[in-house]
Novice: 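Quick one: the structure is below, and I'll ask about it shortly.
Note that the numbering runs from 1 along the sequence shown for the chain.
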Amino acid sequence: MKLKKLLAIVVSASMLASGAAVGAYAADGVDYKINSTYANVDWDIYNQYKADLHTHSSASDGSLTKTETVEAHYEYGFDIMALTDHGTVDAGWDTEAANRIVRIGKHIGDNTPIDPLESEGVAANGKRYTYANDYYTQFSEDGTAERSMMRVPNGNEQNPTSFNNAHVCTWFADYGDDSVGGTSDYETPIKAVDKLGGLSVINHPGEYTGARNEQYEEDAYNTSNIKYRYIVNKFANILKEYDSCIGVDVNSKGDNRTRYDRKLWDLLLQEVVPSGRNVYAIATSDAHNEGIINSGYTMMLMPEKTADALKSCMQNGEFYAESRYLGNKSEIKAWAEELRAAGIGDELASDFEELYATICEEENAGKQRTVYEFDEDAAAPRITNISVDDFDDTITVDTKDAYLVRWIADGKIIAVGDEIDLDDYSEEIGSYVRAEVLGEGGVIYTQAFTLEYEGAPEAEDGCFVDFGCAASLICDTIVKVLAFALKITGIVALVYHFV
């Protein structure tokens with residue numbers, strides 16, 4: 001128990017005994033109720049499964065066949081993989097399912113086959129494998145089964161031919177197979193998948209919003225700009241309406257397009273948490289080629305590797321996001337300063353300082369082109385335990401292979417260290433805090449710890465009108481008419497035959 005709280009209890013008890021008022025002592029600290037998505041995780045028993053919830057194969061616009069995609073993820077140590085080809089419901093890694101329109105647009109001239117898995121065979125590394133009941137397993141020379149990799153049911157990246165990449169990943173629901181269109185229309189697939197009992201997430205929003213094109217972070221998602229105010233309201237409205245939309249992708253595919261999306265995540269947390277729900281963060285590879293497969297992933301905290309356990313894990317936020325790339329200049333500068341202040345990680349601090357200078361030069365030239373890639377040979381940091389003490393108002397994050405933990409509230413870094421005492425930062429805390437963990441091998445984003453207390457921010461009522469439906473109606477009608485014309489003239493069948 002912290003000394004200041006113990007003293008407060010003793011003094012309060014003494015004053016009660018003497019009949020004195022104790023109201024003055026209520027102001028000594030805020031009485032926080034800390035809600036942790038990790039509250040039911042048994043860190044001693046649960047496994048941490050490495051998962052890629054968003055990746056592609058030649059069934060849509062990836063450069064690897066289905067078999068190559070599966071084998072490459074296995075080689076990178078993944079335990080769970082969602083195949084989310086555009087507009088294609090993944091009914092199994094052994095199926096030929098593909099989005100014909102997307103595949104034609106990508107593969108005319110390169111003739112990449114889909115090449116689904118066989119039920120058993122020999123992998124490119126020479127090991128025998130089996131694929132059965134949604135588990136891919138390789139075997140050593142003596143016939144011993146090695147690690148298995150589980151398929152996430154019904155993965156699909158919706159809105160396959162949207163003009164602005166307004167993409168949504170969905171899982172656990174058979175919806176959107178061989179579809180076209182989706183310009184600006186997040187709600188249609190999210191609503192449909194919600195009704196079917198599936199889950200969804202808003203993919204790499206910086207690409208749709210245009211935030212990735214901003215030269216300076218202060219301009220990205222600046223809500224004084226009517227465009228960004230509309231975007232934040234649009235996503236917040238969807239998240240409030242559909243609990244099955246678990247949150248947003250905050251770091252994917254090298255972090256060039258998502259480098260400002262942690263800022264969006266913080267804005268959404270501020271908007272949504274007061275309404276009574278959390279907003280989870282994921283990181284993914286969104287891999288269309290082998291080189292980016294291990295760039296981002298989630299660590300799923302589960303008692304067993306089953307589809308039911310995974311769905312529960314995703315619904316409850318019992319996971320954390322991790323990336324091997326970092327492209328946000330402000331974050332890079334702050335991490336360098338924090339490492340220097342702590343007197344650790346000098347080499348990483350130097351790398352960050354050098355990269356910060358490079359990005360500043362690139363910005364002066366008009367466009368950032370460089371991001372930081374963590375050492376692929378270094379051990380990735382891991383969280384080994386998260387504990388919450390509601391009495392002392394503390395949250396502690398225990399780690400392995402990590403340099404620093406820092407704490408963020410309302411988009412601002414408020415503390416550095418494995419433990420945060422919320423009473424020390426009551427003037428800076430709104431409705432949540434979240435932690436980021438840095439190591440030589442990557443950066444981790446925990447889910448937000450939401451807070452209830454007297455005087456906490458309250459939900460704001462308001463009416464939101466989504467004008468994206470007009471863009472969808474106009475743009476998607478053109479796409480659908482063209483797709484229909486291709487089908488009825490037989491061009492699709494002809495081209496598909498040759499690819």
Side-chain angles (χ1 to χ4, degrees), residues 46-60 62-85 88-95 97 114-141 143-157 169 171-172 199 252 282-314 318-324 376 380 382 442:
Y46 278 33
N47 296 305
Q48 299 198 28
Y49 296 111
K50 183 178 177 180
D52 191 348
L53 297 174
H54 181 181
T55 194
H56 296 275
S57 76
S58 57
S60 63
S63 63
L64 301 180
T65 67
K66 279 191 175 182
T67 294
E68 290 170 337
T69 299
V70 172
E71 291 183 358
H73 276 80
Y74 190 90
E75 291 296 321
Y76 278 111
F78 283 90
D79 302 291
I80 299 168
M81 190 190 86
L83 192 57
T84 52
D85 281 312
T88 306
V89 174
D90 175 26
W93 297 338
D94 55 354
T95 67
I114 296 174
D115 188 23
L117 283 173
E118 301 290 342
S119 59
E120 59 180 287
V122 178
N125 62 10
K127 294 183 179 180
R128 184 173 71 86
Y129 76 82
T130 61
Y131 175 63
N133 301 316
D134 291 333
Y135 291 87
Y136 173 87
T137 308
Q138 290 189 1
F139 296 82
S140 59
E141 289 184 4
T144 303
E146 299 180 352
R147 185 188 80 258
S148 63
M149 186 168 71
M150 184 182 77
R151 167 184 163 265
V152 183
N154 297 330
N156 189 357
E157 186 169 26
C169 262
W171 316 272
F172 305 104
L199 301 178
S252 66
I282 72 167
T284 73
S285 71
D286 187 11
H288 290 69
N289 58 71
E290 184 172 357
I292 203 69
I293 283 177
N294 200 37
S295 58
Y297 45 86
T298 50
M299 297 301 297
M300 318 307 290
L301 310 173
M302 296 157 51
E304 57 183 351
K305 187 164 48 179
T306 65
D308 287 343
L310 175 64
K311 186 175 182 182
S312 175
C313 167
M314 293 170 68
E318 295 170 339
F319 60 92
Y320 56 87
E322 184 157 3
S323 178
R324 290 183 52 253
E376 64 179 353
R382 292 287 180 263

Novice: Would you find a donor on one side and an acceptor on the other, under 3.5 Å apart, between the side chain of E71 and the backbone of A124?
Specialist: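 Yes, the answer is positive, given that a donor and an acceptor are paired below the 3.5 Å cut-off.
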Novice: Quick check: does any side chain N or O of Y131 sit under 3.5 Å from a backbone N or O of G121, one acting as donor and the other as acceptor?
Specialist: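 No; judged by distance alone, with no hydrogens or angles, the pair does not exist.
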Novice: Once side chain to side chain donor-acceptor pair (under 3.5 Å) is applied, do any residues pair with T95, and if so which ones, sequence neighbours excluded?
Specialist: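 Residues passing side chain to side chain donor-acceptor pair (under 3.5 Å) with T95: K66.
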Novice: Sequence neighbours left out, what passes side chain to side chain donor-acceptor pair (under 3.5 Å) with S295? Give chain and number order.
Specialist: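 Residues passing side chain to side chain donor-acceptor pair (under 3.5 Å) with S295: none at all.
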Novice: For the pair Y49 (side chain) and M302 (backbone), establish whether a donor and an acceptor sit closer than 3.5 Å, ignoring hydrogens and angles.
Specialist: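 Answer holds: no.
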Novice: Roughly how far apart are L117 CG and T67 OG1, rounded to 0.5 Å?
Specialist: 4.0 Å
Novice: Tell me, which pairs form a side chain to side chain donor-acceptor pair (under 3.5 Å) where one or both residues lie in residues 145-156, sequence neighbours left out?
Specialist: D90-R151, K127-E146, D134-R151, S148-K305
Novice: For D52, check salt bridge (charged side-chain N to carboxylate O under 4.0 Å, His left out) against everything at least two apart and list the hits.
Specialist: none
Novice: Taking ring-ring contact (aromatic ring centres under 6.0 Å, His included) as the test, write out the residues that go with H56, two or more places apart.
Specialist: H54, H86, H288
Novice: According to side chain to side chain donor-acceptor pair (under 3.5 Å), who are the partners of N289, at least two apart in sequence or on a separate chain?
Specialist: none
Novice: Would you mind listing every salt bridge (charged side-chain N to carboxylate O under 4.0 Å, His left out) that reaches into residues 282-301, with sequence neighbours excluded?
Specialist: R257-D286
Novice: Side chain to side chain contact (heavy atoms under 4.5 Å, CB included) with S323: which residues, sequence neighbours excluded?
Specialist: N251, Y325, V443
Novice: Sequence neighbours excluded, which residues qualify as side chain to side chain donor-acceptor pair (under 3.5 Å) partners of N125?
Specialist: E75, Q138
Novice: Applying side chain to side chain contact (heavy atoms under 4.5 Å, CB included), can you list everything that pairs with S312, at least two apart in sequence or on another chain?
Specialist: N316
Novice: Checking S57 side chain against A59 main chain: does a donor-acceptor pair fall under 3.5 Å?
Specialist: yes
Novice: If the condition is ring-ring contact (aromatic ring centres under 6.0 Å, His included), which residues does Y74 pass it with, not counting sequence neighbours?
Specialist: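 For Y74 the ring-ring contact (aromatic ring centres under 6.0 Å, His included) partners, ignoring immediate neighbours, are Y136.
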Novice: Among residues at least two apart in sequence or on other chains, which ones pass ring-ring contact (aromatic ring centres under 6.0 Å, His included) with F172?
Specialist: none
